[in-house]
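Okay, so here's the structure we're looking at.
A quick note: this is a predicted structure, and the numbers were derived from the prediction, not measured. In what follows, residues are counted from 1 in the order of the sequence shown. Just so you know, these numbers use all the heavy atoms, side chains as well, and skip hydrogens, waters and symmetry mates.
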Amino acid sequence: EHFRKIYATALEQRNNEEFSQAYTTLEGISPRYEAYDAVLYQQAQCATKTGDEFLVQKKLKSLVELAKYKEAENYYNMVK
């Protein structure tokens with residue numbers, strides 16, 4: 001619930017074109033949050049809007065790594 005509120009606040013900031021603030025707000029969400037892939041995606045989008053290519057690449061790389069981890073975890077759960 002706590003992280004959902006933070007995420008909703010960040011989306012509101014993004015919708016108001018407060019991209020740097022939205023990015024920073026999203027930093028307050030734990031990687032353990034069930035929708036953390038959406039957090040990384042939104043951070044990449046905000047970084048794109050601010051022109052920070054380094055952060056765009058960093059967040060997209062993290063998103064790919066998270067997807068690989070989730071895929072491996074799903075496979076492991078299927079075969080055990």
Self-check item: Val39-Leu11 co-clustered via ILVMFWY side chain contacts under 4.5 Å
Solution: yes
Exercise. Determine the minimum heavy-atom distance between Ala38 and Tyr7, stating which atoms define it.
Key: CB-OH, 3.6 Å
Quiz item: Under a 4.5 Å side-chain heavy-atom rule over Ile, Leu, Val, Met, Phe, Trp and Tyr, are Tyr33 and Leu40 clustered together?
Solution: yes
Practice problem: Tell me, with the steps shown, if Lys49 and Glu17 meet side chain to side chain contact (heavy atoms under 4.5 Å, CB included). | Solution: CA-CA 9 Å; Lys49 293 293 188 177; Glu17 298 185 4; over 6 Å; no
Exercise. Please round to the nearest 0.5 Å and tell me the distance separating atom CD1 of Ile29 and atom NE2 of His2.
Key: 8.5 Å
Self-check item: Heavy-atom pair of closest approach, residues Ile6 and Gly28
Solution: CD1-O, 3.8 Å
Practice problem: Taking atom OH of Tyr41 as the centre, report whether more than 12 heavy atoms of other residues, nucleotides or ligands fall under 6.0 Å from it. | Solution: no
Quiz item: How far does CG of Leu63 sit from CG of Asp37, to the nearest 0.5 angstrom?
Solution: 6.5 Å
Self-check item: Criterion salt bridge (Lys or Arg N to Asp or Glu O under 4.0 Å) on Lys58 and Glu53, from CA distance to verdict
Solution: CA-CA 8 Å; Lys58 180 180 175 183; Glu53 285 300 313; over 6 Å; no
Self-check item: Qualifying residue for side-chain contact (heavy atoms from CB on, under 4.5 Å) with Tyr23, from Gln13, Lys59, Gln42
Solution: Lys59
Quiz item: Roughly how far apart are Leu66 CG and Lys61 NZ, rounded to 0.5 Å?
Solution: 14.0 Å
Quiz item: With no hydrogens and no angle check, do the side chains of Gln45 and Arg14 hold a donor and an acceptor under 3.5 Å apart?
Solution: no
Quiz item: Measuring from Lys70:NZ to Tyr36:OH, what's the distance to the nearest 0.5 Å?
Solution: 11.5 Å
Practice problem: For the residue pair Glu71 and Tyr69, establish whether any side-chain heavy-atom pair is separated by less than 4.5 Å. | Solution: no
Quiz prompt | Glu18 backbone acceptor or donor facing Asn16 side chain under 3.5 Å | solution = no
Quiz item: Around Glu12, counting heavy atoms of other residues, nucleotides and ligands shown, do more than 12 lie under 6.0 Å from its CD?
Solution: no
Quiz prompt | Gap separating the CG atom of Asp52 from the SG atom of Cys46, nearest 0.5 angstrom | solution = 11.5 Å
Practice problem: Calculate, to the nearest 0.5 Å, the distance between atoms CD and CG belonging to Glu65 and Leu60 respectively. | Solution: 12.0 Å
Quiz item: Which heavy atom of Ala47 sits nearest a heavy atom of Leu55, and at what distance?
Solution: CB-CB, 3.8 Å
